[in-house]
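The residues of the chain are indexed from 1 along the displayed sequence. Each ligand, and each atom within it, is numbered from 1 in the order the structure gives. No hydrogens, no waters, no symmetry mates; every other heavy atom, side chains included, goes into these values.
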Amino acid sequence: MTVKDKGHNMPTRGTHATHAQARSQAMRTASAREGVTASVDYTKTPVSEIFGQNVFNRNVMRALLPKNVYKALVRCLDHGEPLEPSMADIVANAMKDWAISRGATHFTHWFQPMTGFTAEKHDSFISSGDDGGAILEFSGKLLIQGEPDASSFPSGGIRSTFEARGYTGWDPTSPAFLMESVNGKTLCIPTVFCSYSGHALDKKTPLLRSVEAVGKQALKLVRLLGNKESKRIHCTVGAEQEYFLIDEAFYLARPDLINCGRALFGAKPPKGQEMEDHYWGSIKERVLAFMMDAEAELYKLGVPVKTRHNEVAPAQFEVAPIFESSNVACDHNMLLMEVFRKTAQKHGLRCLFHEKPFSGVNGSGKHNNWSMADEHGNNLLDPGVTPEQNMQFLVVLTAIIRAIHKYGAALRASIAFAGNDHRLGANEAPPAIMSIYLGDKLTEVVHTLVHGKKEGGSAGGKKLQLGVSHLPELPRDESDRNRTSPFAFTGNKFEFRAVGSSQSIAWPNTVLNTIVADSLEYLHNEIEKETQELKDVTKAADKVVRRVLAEHEAILFNGDNYSKEWHAEAARRGLPNLATTVEALPELVTDQVQELFVKYKVLQNDELTSRYTVQLENYCKTVNIESLLTANIAKVMILPAAMEYQLKLAQTITTTKQALGQVMMTEQESLLRQVSQKIGDLYNAVDKLEALIKEGHQEEHGDHGAGDLLDRARFYEQQIITAMTTVRTLADELETVVDDALWPLPKFREMLYIY
Ligand code: ADP
Ligand code: MG
């Protein structure tokens with residue numbers, strides 16, 4: 001079955017369909033559409049057969065590569081050993097043959113510039129043969145390195161224009177895959193992206209460096225504690241992804257959704273999420289058809305999506321994968337978003353990843369589940385069952401607590417951008433204040449360690465001692481667990497919940513890994529020092545953990561993070577509340593944070609500054625686009641509709657008076673006056689917004705220093721956003737009084753409910 005009525009919702013030029021007519025047409029289109037058949041029929045092809053079929057994974061490599069090459073590649077993947085160029089040629093050739101046998105014609109280095117999206121430039125495998133025919137080629141050199149023009153990607157000032165060339169380099173730790181499209185397949189090779197001078201121009205390079213840093217420090221620490229098993233430690237990540245789905249017909253009738261990904265206007269719907277009937281509710285037929293189709297595409301790409309459900313807000317949903325190594329998890333999340341966007345369109349739907357597409361109902365985030373594990377899959381945040389395992393767990397936990405307390409502001413800054421400001425610090429959980437939730441049991445453990453209460457509470461009870469006593473059983477999944485915390489321990493991992501739904505998870509994970517690396521090393525050094533003194537590593541660990549926890553327990557909070565009381569309490573504890581992007585971003589480039597990134601070789605100073613600059617620029621640009629569109633939609637769509645209603649009211653009054661003589665029409669006249677007043681107010685508000693936008697542009701063409709950029713961002717935050725809010729408030733008020741038949745924009749009560 002195909003999408004019915006696709007594209008018929010828009011008024012065609014030349015006919016005189018109004019926006020309001022388009023809106024009612026959109027409702028009919030949306031409700032008439034049916035589920036679309038997926039590309040895979042599971043009754044004929046089981047999931048096990050399609051999973052990873054488009055991936056050049058280890059199984060494929062083992063089958064296609066000579067034994068010595070395969071082994072060399074595995075050493076490269078598992079132990080970071082470099083791959084000889086001659087080997088790369090063999091891998092490239094096998095990859096090409098495999099891709100071509102599956103229908104690929106082109107290849108691309110697939111990378112993640114600082115735009116936060118993925119980038120690709122396709123090259124075909126053909127090179128011309130002597131006889132006028134074409135031969136298909138792909139060498140190790142082409143596999144390993146590409147030279148895209150970097151001049152049109154954001155560099156935050158580190159790449160001067162004269163060295164326009166950028167370099168992409170193969171990342172063998174994330175498997176190559178085939179991207180299917182209607183007319184063929186493209187071999188996508190995950191790569192890093194750097195400048196000629198080796199500066200990272202992407203999100204992947206720092207992530208890889210940070211994983212290496214944290215892995216190295218973690219290994220050093222667990223070795224000191226007596227762990228002889230682990231040889232390599234990496235990070236594991238599972239990103240739960242929230243999103244909205246609305247019918248495409250509504251989307252196309254909303255310029256704000258098309259251009260900004262969020263509704264810049266729209267009164268709160270009479271029915272929001274208060275009935276609590278959407279969360280985990282039965283999934284609507286068309287939506288489920290979409291989910292299954294998108295999942296099938298992801299299975300082919302080896303993305304292990306696992307759960308699907310309705311989220312809190314109407315039209316909001318969630319998908320979660322099985323966790324993977326953080327680099328692959330990050331690539332897979334980028335792929336997931338892309339596949340969801342594409343598949344939604346196939347189903348006559350649009351997938352919105354914006355953090356707050358519809359004000360008045362819940363926003364969307366990405367819960368970044370994070371932990372560390374060794375090469376055997378032993379999870380460092382698994383409390384374990386033996387006293388030794390418990391000790392390792394508590395030492396690692398202590399390091400994380402210290403990291404978040406010490407560098408929470410930098411972590412907060414890693415998720416700071418215009419879209420996320422609508423959630424964090426904007427009366428929605430989680431808040432902008434970083435704190436850690438441990439749950440009651442584990443908090444009790446920490447409390448006991450710091451304040452020395454006896455285990456079990458009774459006098460004479462055994463003292464809780466690291467490496468000697470058992471931890472009480474920690475609940476894996478507390479049903480009452482706190483959903484308002486930005487950073488929560490959930491049994492055997494931490495869940496960083498303040499990440500925005502649209503953003504790449506690479507950067508927040510990079511910052512998280514780096515700050516944890518620092519604390520792991522700190523604990524290692526302290527325990528090592530104490531061991532010399534106490535001649536016993538267990539006693540040393542016990543002593544250090546107690547001291548460090550005491551210094552950093554202020555970051556722990558199990559209560560309602562959303563409450564006013566917490567805001568006051570957090571201030572008392574000296575925890576920063578960086579409510580907006582502009583307040584948060586400078587925290588990325590403090591001396592302390594810069595030193596940290598340099599020390600762990602994750603980012604040099606100019607590389608870190610460039611991320612700060614790109615984030616600030618992105619903020620200004622986003623708000624600028626939103627403000628231009630706000631002014632425009634108000635002027636060319638909302639005001640004309642409101643004035644038509646004004647005219648209708650005036651005509652009604654005049655005509656009635658003509659017909660009946662001088663009757664009293666107090667109520668109607670009052671309504672007219674009210675409408676006319678609001679129209680005037682809206683005009684003035686738009687005028688003011690436009691004047692400020694102009695001012696913003698003048699500032700832009702002034703000086704270009706980083707300090708000025710921060711000033712400009714502040715101007716956008718304080719002046720432009722305020723003026724936009726005024727325009728919106730007035731327009732939304734008009735929405736509730738103007739004749740529904742004249743209203744040009746699909747309303748929330750329609751978009752969020754009609755499928
Ligand atoms: P919940 O949010 O209810 O706790 P799950 O326990 O299923 O749901 O986990 C949510 C996400 O956390 C999933 O993507 C899961 O794969 C991931 N996850 C589980 N264990 C780990 C781990 N050790 N490291 C990273 N992510 C993990
Ligand atoms: Mg979760």
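Taking only nitrogen or oxygen atoms, main chain and side chain alike, Phe323 reaches within less than 3.5 Å of ligand 1. Where the criterion is an N or O separation shorter than 3.5 Å, residue side chain and backbone included, Thr490 fails it with respect to ligand 1. Of the polar atoms of Trp370, none of the N or O atoms is found under 3.5 Å from an N or O of ligand 1, judged by distance alone.
With respect to the salt-bridge test (charged N to carboxylate O, under 4.0 angstrom), the residues Asp382 and Lys493 do not qualify.
The closest side-chain heavy-atom distance from Tyr243 to Val319 is below 4.5 Å.
Neither the backbone nor the side chain of Lys306 comes within contact range of ligand 1; no heavy atom lies under 4.0 Å.
Which parts of ligand 1 touch Thr236 is read off a 4.0 Å heavy-atom cut-off, strictly below it: atoms 22 (C), 23 (N), 24 (N), 25 (C). Counting the atoms of ligand 1 from 1 in the order shown, those under 4.0 Å from a heavy atom of Ile322 are 16 (O).
The closest side-chain donor-acceptor pair between Gln112 and Lys204, if any, does not fall under 3.5 angstrom.
Figure legend: cation-pi geometry between Arg402 and Tyr522, with NZ or CZ positioned under 6.0 Å from the six-membered ring centre and within 45° of its axis.
Centroid-to-centroid, the aromatic rings of Phe358 and Phe244 come within less than 6.0 Å.
The heavy atom nearest to atom 17 (C) of ligand 1, out of those in Leu380, Val319, Asn369, is found in Asn369.
Using 4.0 Å as the threshold, Asn379 has a heavy atom nearer than that to some atom of ligand 1.
Note: Phe177 and Trp110 have perpendicular aromatic rings, judged against thresholds of 30 and 60 degrees for the angle between ring planes.
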